[in-house]
Structure formats: structure tokens, C-alpha cells
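Both ligands and their constituent atoms are indexed starting at 1 by order of listing. By convention here, the first residue in the shown sequence is residue 1.
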Amino acid sequence: MSELTSDAPIGERPDRPLRVAVIGAGPSGFYAVAALLDADLHVSVDVFDRLPAPYGLVRYGVAPDHQKIKNVCRVFEKAARDPRVRFFGNVEMGRDLSRDDLLRLYDQVVYAVGAQTDRRLGIPGEDLPGSWSSTEFVAWYNGHPDFAGADFPLHHRQVAVVGIGNVAMDCARVLARPAEDLAATDVADEALEVLRASRVTDVHVLARRGPAQAKCTPPELKELGELDDVDVLVDPADLEDAAAEGELDRQAEKNMALFQALAERGERGSRRRIHFHFLVSPTEVIADDGAIGGLRVERNRLLADAAGRVRPRGTGDTFVLPVSAVIRAIGYRSVALPDVPFDDRQGVIPNRDGRVVEAAGSTAVRPREYVVGWAKRGPSGLIGSNKPDSQQTVDAMLEDRKSLPPAADEAARRPAAVTALLAERGVRWVTFADWQHLDALEVARGAEQGRPRVKLCLVDEMLAALDAAPAEV
Ligand SMILES: Cc1cc2nc3c(=O)[nH]c(=O)nc-3n(C[C@H](O)[C@H](O)[C@H](O)COP(=O)(O)OP(=O)(O)OC[C@H]3O[C@@H](n4cnc5c(N)ncnc54)[C@H](O)[C@@H]3O)c2cc1C
Ligand SMILES: NC(=O)c1ccc[n+]([C@@H]2O[C@H](COP(=O)([O-])OP(=O)(O)OC[C@H]3O[C@@H](n4cnc5c(N)ncnc54)[C@H](OP(=O)(O)O)[C@@H]3O)[C@@H](O)[C@H]2O)c1
């Protein structure tokens, strides 16, 4: 670090740290915080999330029967507890703070808002009651406040899950596995009740391409085959066609071996079944008196495009799957932030190595604005994939920091300016100490039932719990 001189760049004097706002407290946001804290610099970071609880999809996406994965929150907690970091839960950019506010209050702003909605199939009947996106279904069973009280009646026997990525595997597993397996997890109480009463017997997983192109990873596929009282049905004929396609990558090779083992095992008379259907695309969710009367699907064949990618092409040959509910697990999608550029085609904030640019393909950088995680590169990748991705953005921020001009209004860069503005607007923010209080409350509620936690699922419920026993700040 350079000498303490009055004209030293921002971040090189303890009395003038680099002030950074991170919008979104999911993995990518916290990996960015951790990278900033590791830099040889004086930093002061405020992390905002629209929800009172931090950790994004680790809390509201990762399946309840994958508890161990959630241990990664300890890494994020360590960053949040650093005295250079403040957490502002229940503060939404676009509702409580604008882009202009952020650029006035901070030297640099990082958008870490993930992908809050779903991709669309674009077929008739997609919005019928009983046709849900995985974004909704997953958030509901994980106790996301936006979906508390949502209606997911599982009184049908046959359900389709469209897509064959890991989210589709999560949905199929949660639907098929005995509800009692979930009773010892942090699944939302209301979802557990519905799953206990579920009448689902058959889950149909629909892949538009073949088994060799399945996006799901081998451990997740293997797990399906290990569920109690569930048969996983694969037509051996589908595997023969795939075998003729030539050389496979490692994931495809492992998946094919697993599909092969499942095909050989066949039906064993279990209470529930998961059926894999390959080379089919939904073309219509069929309405039946306001409900779903079936799912029309078209058979596909595979064609390689000019770049060698294997694409599905409809054959015109259709049939109807007799399902009464449909879960569309075909990927998540980012939502545009007010006044921030958005690439509608890719569903991302356009950027160059994490520096926000004016539009897709543009080289015109928006100074002091950055992006990380799913909002930067699209909705794919594991929790850990966000670490190098956030580091890349922070490297760009640190490089740009050296030439940051002084703020027009230096007083606005003081940490107290943020709390003053939020207080003036009547925003009820949740501090990290508040969150730790809620966390302890959830864990204590869980301990009474032998569960890791019982989630507080409503924002009002969380705020009321804080009012009842305010945390020490
Ligand atoms: C269903 C599902 C299950 C998954 N399971 C696994 C798994 O088991 N293992 C694994 O390694 N990976 C898993 N992943 C992938 C992993 O969750 C992602 O890689 C990771 O969460 C992406 O991080 P992110 O920070 O970009 O987005 P997110 O985790 O979505 O975080 C974004 C945060 O931004 C906040 N936010 C959004 N808009 C605003 C706003 N306007 N103002 C303030 N805050 C805002 C959100 O509330 C959220 O907290 C799963 C993904 C899904 C969808
Ligand atoms: N346990 C875990 O580790 C875990 C759990 C959940 C999620 N995740 C990760 O989170 C990320 C997101 O997962 P995801 O499952 O949402 O996305 P994904 O891996 O991209 O899978 C999306 C699936 O939807 C299909 N699809 C897309 N558009 C379609 C359409 N119009 N019609 C029919 N099918 C369509 C895709 O088929 P094509 O391949 O043909 O495009 C693919 O099978 C992934 O990186 C995943 O690994 C990890």
C-alpha cells in the first residue's frame, strides 16, 4: 500500500476506503465481497438483498435433501462478519434504492442479482393452473417469501417435468421420494404438508435431446436410482440410438452408464415411478375445464448445426402424455434492473470481464458499474463456479480503482449517508446481527423437531420476530 498522502488514490488511506455496494447476497455477491476483503486495500463494503435472509439460491434453491451443500454459507458468514462489511437485508434495488442513489453513495457498484425468473417454453397453455415453472416450485418448497402460501396441489397421479438439467432432477426427486425423507430437512412446513398428502405416482421427465446430451450431472442422476420405493424407467431403445452417435465426453459417458443400469433394472413394482422420455418437446399444455388435460409432445430427431452442436428438430409426429400437472425446469432467467443495461436475448447484464457495458457487443463501459454470477454469465454453473467469476470482476474493479475520480460529493460516500437515506425513506433494513438472530431462532425451532432448521417463510414473520426480540447492534 502506498504512503498516506492526501492525493493517494481512493482505497489507499484508512480515512478514505474504497466504498463498494454489492446488490445481492447470494454466492456471487459474497465471493465478490471476499475477494475485495482479500485485496491489499482499505475497503468498506455494503451488501444489499431484497430479502431479509442472505445466501440467495443456497437458501432458496439448493434442495432440502442436499443439506451438506448449504455448509458453504459458513464461508459467506465469515465475510459478512468482517468489520469492513455491512449487510442490509430487506432492501431492494429498484424499490428502495435507485441506480443514481448507488452511484452517489458508492465508488463502485456490483450487481449480483442472479436470475430471478424462468425461461419460457412459448407454447399454448403454458400459464394454465397446474403448469408451474421450477423457479416457482423450488422457491415454494424452500420457503421463499414470494411463494409462501402458493397453491401447488399435488392431487394428481401423473406429473411432467420438462428439462433434464439438475433442477429437473431436484424437482423429480422431491416429487417422487417419500415425503418422510424430507421431514428431517429444512423443507418449508407448508410444502412438507402438501408432499405428505401427495397422490403423485408417476413423474415423467422430458428431454428434448437424447440421453447423451442430458445436462444433469452423474451424482444427481445416480441419486434418483437410489431412492426408496421409486422405479426409474429408461427405454433401452433410446440408449441404442445414442450409442450410435460416436464419442462422448466424460459426463455423457457416466450418464449413459447410469441410464444403461437403470434400463437393465427395469420396473420393480415400487410405489412411484420416474419415466425418462428422450427426444420429445412439449407443444401444448392441453386445457380441460380450466385444468390440465394432458401435455402434447412432439418427437424430435437430432441434427448437428454448423458449429457441431447437437440440436433437436421436430418431426411433426406428436402424442399426448396423460399428465395433470407440468413443471417447466428449462432454466432460470435474469430480470432487468431499472436503468441498468440488459441483454434481452442472453438474459444477462451485458459486460466485458464483469465491467457493465451499454449494450450487448458494445465496448462502451459504464464506469463504476460491475456484474457477477448468473446475472453476468447466465443461469448455469455450481456455487463454486461463481468464485473465479467474481474474482475476475473484482480484479477489474481494483484495476479501475486506481483512476477513480474524486466523488462530486465526498460526504455522500460516508457509511452514515446510506443509513440516513434508508431511514429517511422509511426502509426497515435487516442487519447481519438481525439475520443471526433469525438464524438462531430457525435453528432452535428445528432442534425441537430434529431438523436443521424450521424456516420463517414470510418477511412479516421475520420482521415480527425481530421486533419481539431485537438483536444487539
Ligand atoms: C434450484 C437450484 C438448485 C441448485 N442447487 C445447487 C447445488 O446443489 N449445488 C451447487 O453447487 N449449485 C447449485 N445451484 C446453482 C447455484 O445456486 C448458483 O450457481 C448460485 O446460486 C448463483 O449465484 P448468484 O449469486 O449469481 O445468484 P443467487 O444465488 O440467485 O443470488 C442473487 C441474490 O440477489 C438478490 N436480489 C435479486 N434482485 C435484487 C434486487 N433488485 N435488489 C437486492 N437484491 C436482489 C436475491 O434475493 C438473491 O439473494 C442450484 C441452482 C438452482 C436454481
Ligand atoms: N445438485 C446440483 O449440483 C445442482 C442442482 C440444481 C442446479 N444446479 C446447477 O444450476 C444450473 C442451472 O440448472 P438448470 O437445470 O436450471 O439448467 P440447465 O442445466 O441449463 O438445464 C436446462 C434443461 O432444460 C432444457 N431446455 C431448455 N430449453 C428448453 C426448451 N425450450 N424445451 C425443452 N427443454 C428445454 C435443456 O435442454 P438442452 O440441453 O437441450 O438445452 C436442459 O435439459 C446448472 O449449472 C446446474 O448444474 C446444480
Verify whether the ring centers belonging to Phe137 and Phe152 lie closer than 6.0 Å.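 Close enough - the centres of the two rings lie under 6.0 Å apart.
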May I ask you to check whether Phe278 and Phe259 place their ring centres under 6.0 Å from each other?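 Distance test on ring centres: under 6.0 Å, yes.
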Proximity of [X] to ligand 2 by residue part, where a heavy atom lies under 4.0 Å:
X      : answer
Pro379 : backbone
Thr217 : neither
Glu220 : side chain
Ile69  : neither

Would you say the side chain of [Y] lies within less than 4.5 Å of the side chain of [X], judging by non-hydrogen atoms?
X      : Y      : value
Val62  : Ile383 : yes
Val372 : Asn386 : no
Arg377 : Val348 : no

At a 4.0 Å threshold, what atoms of ligand 2 neighbour a non-hydrogen atom of Ala329?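 Here the atoms of ligand 2 in question are 23 (C), 24 (O).
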Under 3.5 Å, is there a donor-acceptor pair between the side chain of [X] and the main chain of [Y]?
X      : Y      : result
Arg301 : Leu279 : no
Asn255 : Cys216 : yes
Glu240 : Ala237 : no
Arg119 : Ile330 : yes
Lys455 : Arg59  : yes

Identify whether the distance between the nearest side-chain nitrogen and carboxylate oxygen of Asp202 and Arg272 falls below 4.0 Å.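 A salt bridge is absent here (no side-chain N lies under 4.0 Å from a carboxylate O).
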Is a salt bridge present between Asp186 and Arg451, judged by a nitrogen-to-oxygen distance below 4.0 Å?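 No salt bridge links Asp186 with Arg451.
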Could you check [atom] against the protein and tell me its nearest heavy-atom contact, residue, atom and distance included?
atom                    : value
atom 31 (O) of ligand 1 : Gly26 CA, 3.5 Å
atom 44 (N) of ligand 1 : Arg50 N, 3.1 Å
atom 29 (O) of ligand 1 : Leu57 N, 2.9 Å
atom 17 (O) of ligand 2 : Gly331 CA, 4.4 Å
atom 13 (O) of ligand 2 : Val167 CG2, 3.6 Å
atom 39 (O) of ligand 2 : Arg209 NH2, 2.9 Å
atom 3 (O) of ligand 2  : Leu382 CD2, 3.5 Å
atom 25 (O) of ligand 1 : Ser28 OG, 2.7 Å
atom 43 (O) of ligand 2 : Ile164 N, 3.0 Å
atom 15 (C) of ligand 1 : Gly381 O, 3.4 Å
atom 53 (C) of ligand 1 : Tyr332 CZ, 3.3 Å
atom 32 (N) of ligand 2 : Leu121 CD2, 3.6 Å
atom 24 (O) of ligand 2 : Ile330 CA, 3.3 Å
atom 41 (O) of ligand 2 : Arg208 NH2, 2.8 Å

As a quick check of understanding, evaluate salt bridge (Lys or Arg N to Asp or Glu O under 4.0 Å) for Asp65 and Arg173, giving each step before the final call. CA-CA 9 Å; Asp65 52 352; Arg173 196 176 69 251; 2.8 Å; yes
May I ask you to check if ligand 2 and [X] share an N or O to N or O distance below 3.5 Å?
X      : answer
Ser380 : no
Pro282 : no
Val162 : no
Trp374 : no
Gly163 : no

On a heavy-atom basis, I'd like to know which of [options] is closest to [atom].
atom                    : options                        : value
atom 32 (C) of ligand 1 : Gly56, Ser380, Ala112, Gly24   : Ala112
atom 4 (C) of ligand 1  : Asp49, Val62, Val47, Asn142    : Val62
atom 44 (C) of ligand 2 : Gly381, Cys216, Gly165, Gly384 : Gly381
atom 20 (O) of ligand 2 : Arg173, Arg333, Arg311, Lys215 : Lys215
atom 46 (C) of ligand 2 : Val310, Leu206, Asn166, Asp170 : Asn166

Classify the ring geometry between Tyr55 and Phe76 as parallel (under 30°), tilted (30 to 60°) or perpendicular (over 60°).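 Plane angle between 30° and 60°, so tilted.
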Using the ring of each side chain (for Trp, its six-membered ring), is His144 parallel, tilted or perpendicular to Tyr60, with breaks at 30° and 60°?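 The rings of His144 and Tyr60 sit tilted, inter-plane angle from 30° to 60°.
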Check the side chains of [Y] and [X] for a donor-acceptor pair under 3.5 angstrom, ignoring hydrogens and angles.
X      : Y      : result
Arg19  : Ser44  : yes
Lys376 : Thr393 : yes
Glu220 : His66  : no
Tyr332 : Asp118 : no

So, is [X] polar-close to ligand 1, with some N/O to N/O distance under 3.5 Å?
X      : result
Met93  : yes
Ile383 : yes
Arg377 : no
Trp374 : yes
Ile69  : no
Glu92  : no

Might you check, step by step, whether the distance between atom 48 (C) of ligand 1 and some protein heavy atom is under 4.0 Å?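 Yes; the ligand atom in question has protein heavy-atom contact below 4.0 Å.
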Would you say atom 21 (O) of ligand 1 makes contact with the protein, given that contact here means a non-hydrogen protein atom less than 4.0 Å away?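 Protein heavy atoms within 4.0 Å of atom 21 (O) of ligand 1 - there is at least one.
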Could you report the tightest heavy-atom contact between Gly316 and Glu298, atom names first, then the distance?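 Closest heavy-atom pair between Gly316 and Glu298: N-OE2, 2.6 Å.
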Run Asp127 and Arg120 through salt bridge (Lys or Arg N to Asp or Glu O under 4.0 Å) and show every step you take. CA-CA 10 Å; Asp127 295 316; Arg120 306 276 301 164; 2.8 Å; yes
Has Gly94 got any heavy atom lying under 4.0 angstrom from an atom of ligand 1?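 Judged by the 4.0 Å heavy-atom criterion, Gly94 does not count as contacting ligand 1.
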Applying a strict 4.0 Å limit to heavy atoms, is Val91 in contact with ligand 1?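 It does, in that a heavy atom of Val91 comes within the 4.0 Å cut-off of ligand 1.
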Would you mind running through ligand 1 and noting each atom that sits below 4.0 Å from a heavy atom of Ile23?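 Counting from 1, the qualifying ligand atoms are 42 (N), 43 (C).
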